[in-house]
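Here's the structure, in structure tokens; my notes come after.
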There are 2 protein chains.
Amino acid sequence: MESEKNITIYDIAQATNLSIATISRIINKKGRYSAETESRVIKAMEELGYTPSASAQSLASNQTHTIGLVLPFWSIQQPNDEFTIQFLSGATIAANHLKYDLLLDNRSFVPSASTSQIIKRRRVDGFIFSAVGNSYQHFMEELITSGFPTIYTGVQLPFDKDGCNVYGGHEIYKQDFLEICYQKGYRNTALFTSYMQAQELQMVEISRQIVEDFRLKKGLSQDQCRFVMYDYYNPKSFQYALEELLTQKNPVEAIYLDQFPTCSHAYSIISSMGLRIPEDIAVVATSQYSRGGEEFSPKLTTTYVHSYEMGYRAVELLVNKIEKKGLEFEHDIPYSFLYRESFLPPEQGQE
Amino acid sequence: MESEKNITIYDIAQATNLSIATISRIINKKGRYSAETESRVIKAMEELGYTPSASAQSLASNQTHTIGLVLPFWSIQQPNDEFTIQFLSGATIAANHLKYDLLLDNRSFVPSASTSQIIKRRRVDGFIFSAVGNSYQHFMEELITSGFPTIYTGVQLPFDKDGCNVYGGHEIYKQDFLEICYQKGYRNTALFTSYMQAQELQMVEISRQIVEDFRLKKGLSQDQCRFVMYDYYNPKSFQYALEELLTQKNPVEAIYLDQFPTCSHAYSIISSMGLRIPEDIAVVATSQYSRGGEEFSPKLTTTYVHSYEMGYRAVELLVNKIEKKGLEFEHDIPYSFLYRESFLPPEQGQE
DNA sequence: TTGAAAGCGCTAACAG
DNA sequence: CTGTTAGCGCTTTCAA
């Protein structure tokens, strides 16, 4: 196979007695050509085992048919990031459907890189930033304002003028949790938020803000609506925080556990203290797939974030931008509140 | 920015009064050029904001500096796949170090695709298949036998003649678990294996074989060393299987729980039946990050598969193959057995 | 409906 | 150490 001459568009032209221009038109289904010619060409291509060279096509057409994906990979091992893998899953499927390739392009966005160079390199036709944190905001701003096709997930950023944002209900579910608790009459709640060393603290601050805003809005004290931060990599940190909440004078009635993986720990701590879910304490967590929570006993109520759909939609939107089709897509993928045994809806009363 | 002329290697040549050949040499740090020329060129490139076009470079050099990654994405939502995300994490970091890009290339390997076409498309310089199951074996065989740089994870395949395999101790840890149980004197053990509809059953069969082989080797009966299959998406399936094991006449002494996410379910089932870990029953599971298991109470013993390192190593090996550097790398990334409270080592006795 | 020809931006002999 | 030049394989006017 090393010795075989690489077969090109010229070989097809020769074999069919046509010019390369016609072959090109047929490859791209562009311009005019007769049906007879088309079938002849296709036959020749199959017989010779021809496939167009991706880089030659890119060079000539100035399009790569590739999407650059920027994901939050850190340089250390991290626990399973459900959001990322589900997002990736959805993005992969969508890219398949739309005939685009996905390039993991963290490499382009080193601190020393300049946005214009990234664009000029023409490695991709557009970018998707998924939950990458604020160190990328500078890049995203330049990309978006310069008109380069770009999509990102998370809350909408100030410089976003033409719908580059795929929103999955982030933050809202935390607010909603607090609101539902309030409706159920709970006046002692806590919202847990994990942090990891390698991660930016941006997200933690957003959660803290939500809790503070809610307290202000309802006139609650810090004890009635608590914001609890813990070190994800240190199970003890979580354990102490939870134990303290359960042993204080006004025991907590409902907790938002944030990270799904810590829930099993929470269940065992709660039960080891002789308490029951949801009689003594109600719990909720975030999950990225709909069945998540069913394996707990009692079953865990979750805010199900549709990260798979977000990935799918992000790719759809980006391709739409790239190809300027102007189709309208929904940018908002609302989360779902899945009530299970650990936290029942207000209608059924609890208190 | 739309109107700006695209600046190319010719512009740099003009600005520096050199030929494009010299500029090219400097870009690629290849051939000879004076230090003075180099700094002049670099200065000009910075001033003009020049970046070489990736596709032009690929076309001319017949190299893409890109690695095709084939991961097990299915068309439906799946629970968090720890292995894949950790593998991807490691691969991303390695690719960054080695200045390669990662292309998610599931798209190339549709059933109708031919391997030679994939190669001719020259989209990537090599492929990495990670835990993709046997529907890709055909592609892998053709790729490897035709000499195209290819790396895969999992057990070594018959057509692999020159070390294309990155092995992470897969299977071995299950055998080792059974062996350790035997040494500890356990004569009632069970090995759980999950299956998912969209997944190929290959892996399940491998596990079943391990159990059968072990029984034969030690002369154990089916009751003494059980193989238990359950539906990952159906928590009830897992629950019934586990309950049955715990209530039979000869209760199980140790269980390999396989999937990490089901452990919390197992813990709650076991405790709800009034049993204790590890006094009444010892448990072990697989995890892809070293801290995994610490959040359980009692802490979970795990077989820690170094999937991050596997991803890193896979990229290193592939780049080595692509660039024919002939460096020697270790292909074997042994798993670690992390003893925690749920299953103590034989030395400390138990029975 | 098809063909001729001029690029796309860069690499790599080869010559100097 | 540097320049000339012939490609790499395809797209895209513009003519025919």
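Lettering follows sequence order; numbering is per chain, from 1.
In this structure, B:Ile12 CD1 and B:Thr22 OG1 are separated by 13.0 Å, a value rounded to the nearest 0.5 Å.
Ring centroids of B:Phe139 and B:Phe129 are separated by 6.0 Å or more, keeping the two rings apart.
Side-chain N/O atoms of A:Ser53 include none lying less than 4.0 angstrom from OP1 or OP2 on D:dG9. The shortest distance between the side-chain N/O atoms of B:Asn6 and the OP1/OP2 oxygens of C:dG9 is below 4.0 Å.
Ring pair A:Phe127/A:Phe148 is tilted by interplanar angle, where 30° to 60° counts as tilted.
Comparing D:dC10, C:dG9, C:dG3 by their closest approach to the side chain of A:Ala56 singles out D:dC10. With C:dA4, C:dC10, C:dA12 as the choices, the nucleotide that has an atom nearest any side-chain atom of B:Gln57 turns out to be C:dC10. Checking D:dG9, D:dT2, C:dA13 against every side-chain atom of B:Ser34, the shortest atom distance belongs to D:dT2. Closest to the side chain of B:Ser61, out of C:dA12, C:dC14, D:dT11, is C:dA12. Listed nucleotides: C:dG9, C:dT2, D:dT11. Nearest to the side chain of A:Arg32: C:dT2. Comparing C:dC10, C:dA12, C:dT2 by their nearest atom to the side chain of A:Thr37 picks out C:dT2. Of the candidates D:dG9, C:dT2, D:dT2, D:dG9 carries the atom nearest the A:Leu59 side chain, counting heavy atoms from C-beta on. Here the side chain of A:Tyr33 is nearest to one of C:dT2, D:dT12, C:dC10, namely C:dT2.
If you measure from atom NZ of A:Lys30 to atom P of C:dT1, you get 18 Å, rounded to the nearest angstrom.
Nucleic acid contact for A:Asn17: sugar-phosphate only, since backbone atoms but no base atoms lie under 4.0 Å from a heavy atom of the residue. Across all strands, A:Asn28 comes closer than 4.0 Å only to sugar-phosphate atoms, never to a base (heavy-atom distances). Heavy atoms of A:Ser24 sit under 4.0 angstrom from at least one base atom. Counting any heavy atom pair closer than 4.0 Å across all strands shown, B:Ile20 reaches a base atom.
With hydrogens and angles ignored, no donor-acceptor pair under 3.5 angstrom links the side chain of A:Tyr10 to the base of D:dC8. For B:Arg25 against D:dG3, a side-chain N or O and a base N or O form a donor-acceptor pair under 3.5 Å.
Looking at which nucleotide of DNA chain D each of B:Ala21 and A:Pro52 is closest to, the 5′-most match is held by B:Ala21.
No side-chain donor from either of B:Gln86 and B:Ser307 sits under 3.5 Å from a side-chain acceptor of the other.
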